[in-house]
Amino acid sequence: MPELPEVETVRIGLSRLLPGKKIVHITCNWPKSFPNTPKDVQTRLLGAQIVDVARRAKLLLIELNTKHSLIIHLKMTGQLVFRSKQQHFGAGHPSHSLVGELPDRSTRVTFTFADGSKLFFNDQRKFGWIRLLPTAEVSQIDFFQKVGPEPLAADFTAKDFALRIRRRLKSGIKAVLLDQSVIAGVGNIYADESLFGAKIHPETRVINLSDNQLKKLYESLKKVLLLSIEKGGSTDKNYVDAEGRRGSYLSFANVFRRQGKPCPRCGTTIIKIKVAGRGTHICPHCQVSFQKTTFTAHSVAMTPADTIKQ
DNA sequence: CACTTGACCTGTCCGC
DNA sequence: TGCGGACAGGTCAAGT
């Protein structure tokens, strides 16, 4: 489930390994994973050298010296694993790698470089994709036209965050966090973790969130994203970094995949519910709805849905 | 407009 | 043991 921290971890690894590499060969056994025409590949990609590796939202951008870029979305089960010539022949794969000999059953695309090293695009569920585009056109694709700001950008303030979240006043806050056109890069794991950190129930309507709650959520979101990047992201089943290593954030997670276990703050058993069509993990004591926290004990507890109906 | 559902896919797990 | 079905969740498109 690569989200911002996982894609950023891959970017950090690839930006150390790939610049200067010259592409000499490409194979693809699932055309939907890399739908460019063979002619495009032949003229725009073979012989190209990698200049830089960048990230925007959950997308990786590999810039080439041919005024073209590769855009890669890992979706749920995508992996980009680099192997040097030594790792590939003779010495075997590195011992720290979670991934065995490559290519394997899930390998969709293989890039071979002039020095004999390789980059493998593995994707068990085939939802991910790679596309080749003129670099000048990258910012024009639909996704980049509508995607929201980077939550970790230095100039992205709590005020910016609140303004963007409040464009969806009637929606539940988790659905809004997951909406890539509001804020870039947040998926199921960091939505749950940031809401827990801010003590907000994921079904709370945005209209019922105070300035202070949104400020807390902004801080909580940035905190979990930064911690996860520090820990190399979250590996549930599939995710690995550019060298095939797992991320360890999930052992620091407070609620995600911890249903049945005690809340680290209050000890109440964490539960899993369904919100916005996603599995959602909450502490039912810490994360109560806005009304329940602001009305006195003897007043009638109203759910956010009740408020909307009135 | 906001929300839900289905599509894209495969591997895993659960119950029978 | 095998089989059907639910589930996992990023994004888009279509339907309510």
Side-chain angles (χ1 to χ4, degrees), chain A residues 1-8 10 28-35 55-60 71-80 98-100 103-109 121-131 141-148 151 164-195 202-209 225 228 233-240 247 249-250 253 255-260 271-281 303-305 307-309:
Chain A
M1 291 98 283
E3 306 179 27
L4 189 155
E6 290 73 33
V7 181
E8 178 63 13
V10 173
C28 172
N29 67 11
W30 186 257
K32 283 184 180 176
S33 298
F34 190 21
R55 178 191 60 78
R56 175 77 171 97
K58 297 173 190 171
L59 288 168
L60 279 166
I71 308 180
I72 303 171
H73 202 313
L74 301 175
K75 290 288 181 88
M76 255 98 74
T77 56
Q79 305 173 328
L80 279 171
L98 186 67
V99 182
D104 66 18
R105 198 164 65 253
S106 72
T107 301
R108 309 297 169 204
V109 184
F121 175 64
N122 299 336
D123 187 17
Q124 180 184 104
R125 287 174 70 181
K126 300 177 175 175
F127 288 174
W129 46 258
I130 301 178
R131 257 160 232 164
I141 66 172
D142 285 353
F143 182 84
F144 285 136
Q145 286 293 306
K146 65 183 186 191
V147 73
R164 293 195 70 88
I165 295 288
R166 287 197 167 126
R167 302 194 328 181
R168 298 272 306 275
L169 282 179
K170 289 194 287 185
S171 303
I173 182 62
K174 179 166 179 178
V176 179
L177 282 175
L178 292 173
D179 184 337
Q180 299 299 294
S181 71
V182 179
I183 308 290
V186 182
N188 209 31
I189 299 172
Y190 305 102
D192 282 6
E193 289 297 309
S194 62
L195 286 165
E203 289 175 301
T204 312
R205 311 281 158 164
V206 169
I207 200 168
N208 291 324
L209 288 169
L225 293 175
S228 183
S234 298
T235 297
D236 180 31
K237 292 191 179 73
N238 224 266
Y239 165 76
V240 293
Y249 175 80
L250 282 189
V255 287
F256 191 81
R257 293 283 153 80
R258 298 194 70 248
Q259 62 269 30
I271 57 169
K272 184 175 179 184
I273 58 176
K274 197 152 192 159
V275 178
R278 309 299 168 116
T280 298
H281 312 77
T303 66
T307 312
I308 297 299
K309 280 178 207 150

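The sequence lines fix the lettering, A, B, ..., with proteins before strands; numbering per chain opens at 1.
Taking A/Asp123 as the reference, nothing meets the salt bridge (charged side-chain N to carboxylate O under 4.0 Å, His left out) condition, with sequence neighbours excluded. For A/Arg258, the salt bridge (charged side-chain N to carboxylate O under 4.0 Å, His left out) criterion is met by no residue, not counting sequence neighbours. A/Asn29 is linked by a side chain to side chain contact (heavy atoms under 4.5 Å, CB included) to A/Arg108, counting only residues two or more places apart in sequence or in another chain. For A/Arg131, there are no salt bridge (charged side-chain N to carboxylate O under 4.0 Å, His left out) partners at least two apart in sequence or on another chain. Scored by the salt bridge (charged side-chain N to carboxylate O under 4.0 Å, His left out) test, A/Asp236 finds A/Arg257 as partners (sequence neighbours excluded). Partners of A/Tyr249 under the ring-ring contact (aromatic ring centres under 6.0 Å, His included) rule, at least two apart in sequence or in another chain, are A/Tyr190.
For residues 173-190 of chain A, every residue pair satisfying the salt bridge (Lys or Arg N to Asp or Glu O under 4.0 Å) rule, not counting sequence neighbours, is listed here: A/Arg168-A/Asp179, A/Lys174-A/Asp192. Listed by first then second residue, pairs satisfying ring-ring contact (aromatic ring centres under 6.0 Å, His included) with a partner in residues 167-186 of chain A number zero, not counting sequence neighbours.
C/dT1 and B/dT10 are spaced 25 Å apart, taking the P atom of each and rounding to whole Å. On the P atoms, C/dT11 is 22 Å away from B/dG11, given to the nearest whole Å. With both ends at atom P, the span from B/dG6 to C/dG5 equals 15 Å, rounded to whole Å. Taking atom P in both B/dT5 and C/dA6, the straight-line distance is 14 Å, to the nearest Å.
By the 5.5 Å and 30° criteria, A/Phe127 is not stacked with the base of C/dT11.
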Atom pairs, N/O to N/O, protein against nucleotides 3-5 of chain B, distance under 3.5 Å?
residue	atom	partner	partner atom	Å
B/dC3	OP1	A/Lys170	O	3.1
B/dC3	OP2	A/Ser171	OG	2.5

Please list, for nucleotides 13-16 of chain C, all pairs of protein and nucleotide N/O atoms separated by less than 3.5 Å.
none

Could you list the protein-to-nucleotides 12-15 of chain B atom pairs, N/O on both sides, closer than 3.5 Å?
none

*State the dot-bracket string of DNA chain C. Criteria: Watson-Crick or G-U wobble, both atom distances under 3.5 angstrom; notation: ( ) intrastrand, [ ] crossing earlier pairs, | interstrand, . unpaired.*
.|||||||.|||||||
